[in-house]
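This report refers to the structure that appears directly beneath it.
Atoms considered below: every heavy atom in the structure, side chains included; atoms not considered: hydrogens, waters and symmetry mates. So you know, we letter chains A, B, ... as the sequences are listed, proteins then strands, and number each from 1.
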Protein chains: 2
Amino acid sequence: MASPKSAPAADRKARLSRELVLATALELVDAEGLDALTMRRLGQELGRDPMSLYRYAENRAALLDGVSELVLNELPVHEEDPDWKAQLRQIAHNLRLLALQHPNVVPLLVTRPLSTPLGLRPLGTLRPLEQILALLVGAGFSPADALHVYRAYYGFLYGHILNELQEFVVDPEENEVLLRLGLHRLPAKEFPLLRALAPALAEYDGSAELDQGLTILLSGLESQLSLQPAHSPA
Amino acid sequence: MASPKSAPAADRKARLSRELVLATALELVDAEGLDALTMRRLGQELGRDPMSLYRYAENRAALLDGVSELVLNELPVHEEDPDWKAQLRQIAHNLRLLALQHPNVVPLLVTRPLSTPLGLRPLGTLRPLEQILALLVGAGFSPADALHVYRAYYGFLYGHILNELQEFVVDPEENEVLLRLGLHRLPAKEFPLLRALAPALAEYDGSAELDQGLTILLSGLESQLSLQPAHSPA
DNA sequence: ACCTGAACACCGTTCAAGT
DNA sequence: ACCTGAACACCGTTCAAGT
């Protein structure tokens, strides 16, 4: 109907490339969830023999890795920023938005690294880590301290995203609070507190909560680490 | 070989029950990973027709929910403990150990809640939440504050587990540091810091890190919340 | 040398046929 | 009413056969 170039899926005979394959895979996951991403279905979406996809991804698993790589690459890290706290804050908010934009990819982001040793992971998923380490080292942290900061930061950030997405409901039409959360189904005897918290749950402001947590975490890390002898800054 | 009662899997003709089905499913996941948990394979493990499993779980998805429920039920919460910080600390360490004992289940714990609205989740997975809220309210927090504390705590805890399991390598035989982490494969130009941190990564002490983080988090939460008017304690 | 697609060994789930 | 298992509509991946 529309111009044949508007969507990769419709552009049946574009020359295949890893980029096109992964972009189409991401579209599919965003639109229909992880289960819809099969070799056969993706082949169909691209108007190609499913077998041809094995030129661009060794595996279905590699395809999944490729998708999370693609999403993580949308996350810019300015490692030269002299204000590491401001930069970490910005990255956190950007990652949060990315997660909200691609909720179906979050399980991948969180889960894929668990099945592959650090050094064998796709480079695209390791780059943000290296860049954040560089940011911190550039700001005067020792590499070991930078690792420590990274871990606290990353743990908090992923924890927050899991928290927020758990309470996020896809269909915003159904806005009757109790119905949305389905809390009315819980036995009142066993879950009095949870049921009573329905309004509080509905009012959850993820961005504010993230920001508040970051403030505490970053100042905590700063005070903890500034006691130690500083590296000479670049 | 051994007594036919020793392992469910060997005890071919035990009467089926939800408990037996889920326990066998967990064994299978622990031993061979999530992908090995199929209706057909589980039926085989139990010596039954795969279709008979649909009496105990509506779905494969329900089976997965059942497995995470089973693991979470191994987590005792003493909601009457007057020292909420000590109790949260203990729960955290217990959950960490549970995660290390069942690493293949962690993706389920982290991921399943993302696909089901709060109120439709299996009660077993909601009970720890309700119990922790009760613990906090019992200690004098308002319900809304309790929710806030729970979220910070839960986020931190799951973030930590994801962190630790990412660096955890299953096969401890292969103990040459660089090989274990596979870091030598990374291009030195692009990943100088990450490569240099191999020894630090190998020395990671999850329990100590968890404990340190908890100390900061809990005292932060306490000081933040004790400024507000306290509820009358039970 | 490259690409295609038939074939294999699996899946989850439905539902008709048996008891 | 309950249980069984054949059948359906899918999977990922291998590899022989074509070009």
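Sorted by first then second residue, the side chain to side chain donor-acceptor pair (under 3.5 Å) pairs that include residues 57-66 of chain B, not counting sequence neighbours, are B/D65-B/R112. Applying the side chain to side chain donor-acceptor pair (under 3.5 Å) definition to pairs two or more places apart or across chains, those involving residues 97-111 of chain B are B/D30-B/H102.
In terms of the side chain to side chain contact (heavy atoms under 4.5 Å, CB included) criterion, residue partners of B/A92 (sequence neighbours excluded) are, by chain and number, B/Y153, B/L157, B/L210, B/L214. When the side chain to side chain contact (heavy atoms under 4.5 Å, CB included) test is applied to A/A152, the partners found at least two apart in sequence or on another chain are A/L217, A/L221. Every ring pair (Phe, Tyr, Trp, His ring centres under 6.0 Å) that B/Y150 has, sequence neighbours left out, goes to B/Y154. Applying the side chain to side chain contact (heavy atoms under 4.5 Å, CB included) test to B/P113 and every residue at least two apart in sequence or in another chain returns A/Q166, B/R121. Every residue two or more places apart in sequence or in another chain that forms a side chain to side chain donor-acceptor pair (under 3.5 Å) with B/H93 is listed here: B/D211. Judged as a side chain to side chain donor-acceptor pair (under 3.5 Å), and not counting sequence neighbours, the contacts of A/R41 are A/E32, A/E45. Listed by chain and number, the residues in a salt bridge (charged side-chain N to carboxylate O under 4.0 Å, His left out) with A/E69 are A/R18 (sequence neighbours excluded).
Computed from coordinates, the B/Y54 OH to C/dC15 C1' distance equals 13 Å when rounded to whole Å. In this structure, A/L42 places its CG atom 13 Å from C1' of D/dG12, rounding to the nearest Å. A straight line from CD of A/Q44 to C1' of D/dA9 spans 13 Å, rounded to a whole angstrom. Per the geometry, CG belonging to B/L53 stands 16 Å off C1' belonging to C/dT14, to the nearest Å.
A heavy atom closer than 4.0 Å to some atom of DNA chain C occurs in B/N59, B/R60, these being the qualifying members of residues 58-68 of chain B.
Taking a pair as Watson-Crick or G-U wobble with both distances under 3.5 Å, DNA chain C forms stems of 3 or more consecutive pairs at C:4-8 with D:12-16, C:12-16 with D:4-8.
Taken from CZ in A/R195 to CD in A/E190, the straight-line distance is 11.5 Å, to the nearest 0.5 Å.
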Note to self: Treating primed atoms plus P, OP1 and OP2 as sugar-phosphate and everything else as base, which nucleotides of nucleotides 2-8 of chain D get B, S or - for protein heavy atoms under 4.0 Å?
What the structure shows: -SSB-B-
